[in-house]
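To start, the structure under review is shown below, and the notes come after it.
Model, not experiment: these values are computed from the prediction. Basis for what follows: all heavy atoms, side chains included, without hydrogens, waters or symmetry-related copies.
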Amino acid sequence: PNPERTALTEALTRVNGELRALANTTEPHSEQFFELDRQFHRLTTGAGSNPRLTALRETIEPQVERYWRAYAVMRADAVGSSAGEHNDIITALERGDADAAQCAVRTNWRNSADRLTPAFVRLGERGRW
């Protein structure tokens, strides 16, 4: 519904604005990036009100977090790119365009993997599933 969607997009815009500001600093701190990015994605998944998706995210998030922290520090330059992709997600949500939102989320997910690949190659594997 529109009122909930408006509240969500306002919250996402605020968090993403902080990400953009962080991207414009001379030394983006990976810890801040991690926390803001996590807030952004928790807001989007939480808005779906899907208990299974929320439970899945909560189950895998601690392990993903360990990997993210190990590798993301290598890619502080990715903050601006990620925030730009987040804008596409926000815009689609503002319009109420579920297909465009899904496409934007997939793009962000795939590009995030691409951005982290050089760090994986350089650092090697840091654990086993």
Side-chain angles (χ1 to χ4, degrees):
N2 196 40
E4 288 91 347
R5 200 170 64 244
T6 298
L8 172 63
T9 58
E10 287 172 355
L12 292 172
T13 298
R14 179 190 51 76
V15 171
N16 206 45
E18 292 178 41
L19 272 171
R20 283 194 169 284
L22 183 62
N24 291 324
T25 62
T26 55
E27 271 188 51
H29 298 285
S30 59
E31 181 65 27
Q32 289 173 301
F33 174 44
F34 175 78
E35 290 303 325
L36 290 168
D37 193 63
R38 182 163 62 171
Q39 280 179 29
F40 184 92
H41 290 284
R42 281 184 171 181
L43 284 166
T44 57
T45 57
S49 298
N50 181 327
R52 285 185 174 177
L53 178 60
T54 300
L56 177 61
R57 188 201 74 231
E58 289 172 354
T59 299
I60 65 170
E61 190 175 70
Q63 185 163 14
V64 171
E65 177 180 339
R66 288 190 292 274
Y67 280 91
W68 197 99
R69 286 180 188 275
Y71 296 111
V73 69
M74 302 293 296
R75 295 304 314 256
D77 61 313
V79 177
S81 298
S82 184
E85 292 162 7
H86 289 174
N87 276 343
D88 296 339
I89 296 168
I90 295 167
T91 299
L93 291 172
E94 285 173 332
R95 290 192 322 252
D97 187 341
D99 291 335
Q102 181 181 26
C103 182
V105 167
R106 283 184 178 158
T107 297
N108 179 242
W109 180 261
R110 288 180 182 137
N111 289 346
S112 293
D114 290 343
R115 283 188 288 270
L116 289 173
T117 297
F120 293 146
V121 170
R122 199 158 94 207
L123 290 172
E125 187 176 351
R126 296 286 193 230
R128 300 222 180 256
W129 292 91

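For Arg5, there are no salt bridge (Lys or Arg N to Asp or Glu O under 4.0 Å) partners at least two apart in sequence or on another chain. Remark: Glu58 pairs with no residue by the salt bridge (Lys or Arg N to Asp or Glu O under 4.0 Å) rule, at least two apart or across chains. When the side chain to side chain contact (heavy atoms under 4.5 Å, CB included) test is applied to Pro3, the partners found at least two apart in sequence or on another chain are Pro1. In this structure Asp97 satisfies the salt bridge (Lys or Arg N to Asp or Glu O under 4.0 Å) test together with Arg95, sequence neighbours excluded.
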If you look only at distance, which donor and acceptor atoms sit under 3.5 Å apart when one is on a side chain in residues 15-23 and the other is two or more places apart or in another chain?
{"from": "Asn16", "atom 1": "OD1", "to": "His86", "atom 2": "ND1", "distance (Å)": "3.0"}
{"from": "Asn16", "atom 1": "ND2", "to": "Ala83", "atom 2": "O", "distance (Å)": "2.9"}
{"from": "Asn16", "atom 1": "ND2", "to": "Asn87", "atom 2": "OD1", "distance (Å)": "2.9"}
{"from": "Glu18", "atom 1": "OE2", "to": "Arg14", "atom 2": "NH1", "distance (Å)": "3.1"}

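Taking each heavy atom of Thr107 and Glu85 in turn, the nearest pair found is O-OE1, 4.3 Å.
Put simply, CZ on Phe40 and OG1 on Thr13 are 8.0 Å apart, with the number rounded to the nearest 0.5 Å. For the atom pair Asp88 CG and Cys103 SG, the distance stands at 9.0 Å (nearest 0.5 Å). The distance from the CG atom of Leu8 to the CG atom of Leu93 is 5.5 Å, given to the nearest 0.5 Å. Note that CD of Gln39 is 10.5 Å distant from CZ of Phe34, once rounded to the nearest 0.5 Å.
Two residues are said to be in side-chain contact when any heavy atoms from C-beta on lie closer than 4.5 Å; His41 and Arg57 fail this criterion.
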Practice prompt. Give the intermediate values and the outcome of side-chain contact (heavy atoms from CB on, under 4.5 Å) for residues Asn111 and Ser81.
Written response: CA-CA 9 Å; Asn111 289 346; Ser81 298; over 6 Å; no
Item to complete: Quick one: do Thr6 and Glu10 satisfy side-chain contact (heavy atoms from CB on, under 4.5 Å)? Show the steps, please.
Response: CA-CA 6 Å; Thr6 298; Glu10 287 172 355; 3.5 Å; yes
Worksheet entry | Worked verdict on Thr54 versus Thr45 for side-chain contact (heavy atoms from CB on, under 4.5 Å) | CA-CA 7 Å; Thr54 300; Thr45 57; 5.8 Å; no
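Note on residues 92-111: no pairs pass ring-ring contact (aromatic ring centres under 6.0 Å, His included), not counting sequence neighbours.
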